[in-house]
Amino acid sequence: FMSITEEGFLSKEIEKYQAQIISKNKDLFDLGREVNQFAHLVKNNFVFRYNNDQKSIVACALIKLHNNLQSIYILCSYGLIEDSKIVLRSMLELLIILKLCCEDEKFLKEYIQADSIYQKKLINAAKNNPDPMFGEIRVATVEKLNQIEQEIKKIEDDLLLPILKKNAKV
C-alpha cells in the first residue's frame, strides 16, 4: 500500500481516518444513511413519464439532489468539508429552482428556454470552430439547431400569449 503522502485521499491508509471521522460524527452519518435509504426507496418506486415538462424537471432534480446527498456523505467521510460545502450550495440552488418550477409555470418555461439557449450557444461554438475534431458535430448541428430554435420559439410564444391576450382585453 502507498501512503497518504504518496497517494493522498486515494490511498488505503485514508480508510482508518475515514472510520474515525464517521465514528466521531455517528449521529450525522446515520442520519445521512437514513435519508439516502429513503431517497432510494422513493426513486425505485417512482414512475417517470416524459410527457410533462414540470414532472420531468422535478424527477431529474430529485435524482440530482439524491446524488448530491451521496457526494456530500462521501466527501465528509474523507474530511473534505470545504468540498462538501460546494456541493451543498449547489443543492440549495437546485432546491430553489425546483420550488420555483413547481410553483410558477412562467419560471418553468423560462428555465427550459434558458437551457435551450445554452445548448444553442454550445452547438454554435462547436459549429463555428474550425478544428477538425468538430467536423462531425458541424454536420449534425444543423438539425439540432433547428429543433432547439423551434423549442425556444414555442416557449417564447407560450410566454407572450398571455400578455398579448391581456393587452388585447384592455
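Start at 1 with the first residue, then count along the sequence.
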Closest contact, heavy atoms only, C101 versus Y111:
SG-CD2, 4.0 Å
The reported gap from CD1 in I117 to CD in E149 (rounded to nearest 0.5 angstrom) is 11.0 Å
When clusters are formed by joining ILVMFWY residues with side-chain heavy atoms under 4.5 Å apart, either directly or through shared neighbours, do I97 and I112 land in the same one?
yes
Do you know which two heavy atoms are closest between L69 and G32, and how far apart they sit?
CD2-O, 4.4 Å
Please check if L62 and I57 belong to a single hydrophobic cluster, counting links between Ile, Leu, Val, Met, Phe, Trp and Tyr side chain heavy atoms closer than 4.5 Å.
no
Go through the structure and list residues passing side-chain hydrogen bond (donor to acceptor under 3.5 Å, both in side chains) with S71, not counting sequence neighbours.
none
Looking only at heavy atoms, the pair that brings C102 and V58 closest together is SG-CG2, 3.6 Å
Atom pair CG/CG of L100 and L95 - distance to nearest 0.5 Å:
11.0 Å
Measure the NE2-NE2 distance between H66 and H40 for me, rounded to the nearest 0.5 Å.
4.0 Å
Do the non-hydrogen side-chain atoms of E93 and R89 ever get within less than 4.5 Å of each other?
yes
Between S11 and I14 the two heavy atoms that sit nearest each other are O-CG2, 3.0 Å
Indicate, with yes or no, if L80 and M91 share a hydrophobic cluster defined by side-chain heavy-atom contacts under 4.5 Å among Ile, Leu, Val, Met, Phe, Trp and Tyr.
yes
Would you say the side chain of E13 lies within less than 4.5 Å of the side chain of E6, judging by non-hydrogen atoms?
no
In this structure, CG of L65 is separated from NZ of K43 (nearest 0.5 Å) by 11.5 Å
Rounded at 0.5 Å granularity, tell me how far CD1 in I22 sits from CG in N25.
9.5 Å
Contacts of E34 that satisfy side-chain hydrogen bond (donor to acceptor under 3.5 Å, both in side chains) - sequence neighbours left out:
none
Quick one: pull up CD in Q147 and OG in S116 and give me the separation to the nearest 0.5 Å.
9.0 Å
If the condition is side-chain hydrogen bond (donor to acceptor under 3.5 Å, both in side chains), which residues does E82 pass it with, not counting sequence neighbours?
K85
Among V87, D83, I86, which residue meets the side-chain contact (heavy atoms from CB on, under 4.5 Å) test with I72?
V87
Hydrophobic cluster membership, with links at side-chain heavy-atom distances under 4.5 Å among I/L/V/M/F/W/Y: are F29 and L88 in one?
no
Determine the minimum heavy-atom distance between S77 and I21, stating which atoms define it.
O-CD1, 3.6 Å
Could you tell me which non-hydrogen atom of C76 sits nearest to which non-hydrogen atom of I81, and how far apart they are?
SG-CD1, 4.1 Å
Tell me whether Y17 shares a hydrophobic cluster with L75, the cluster being built from Ile, Leu, Val, Met, Phe, Trp, Tyr side chains joined at under 4.5 Å.
yes
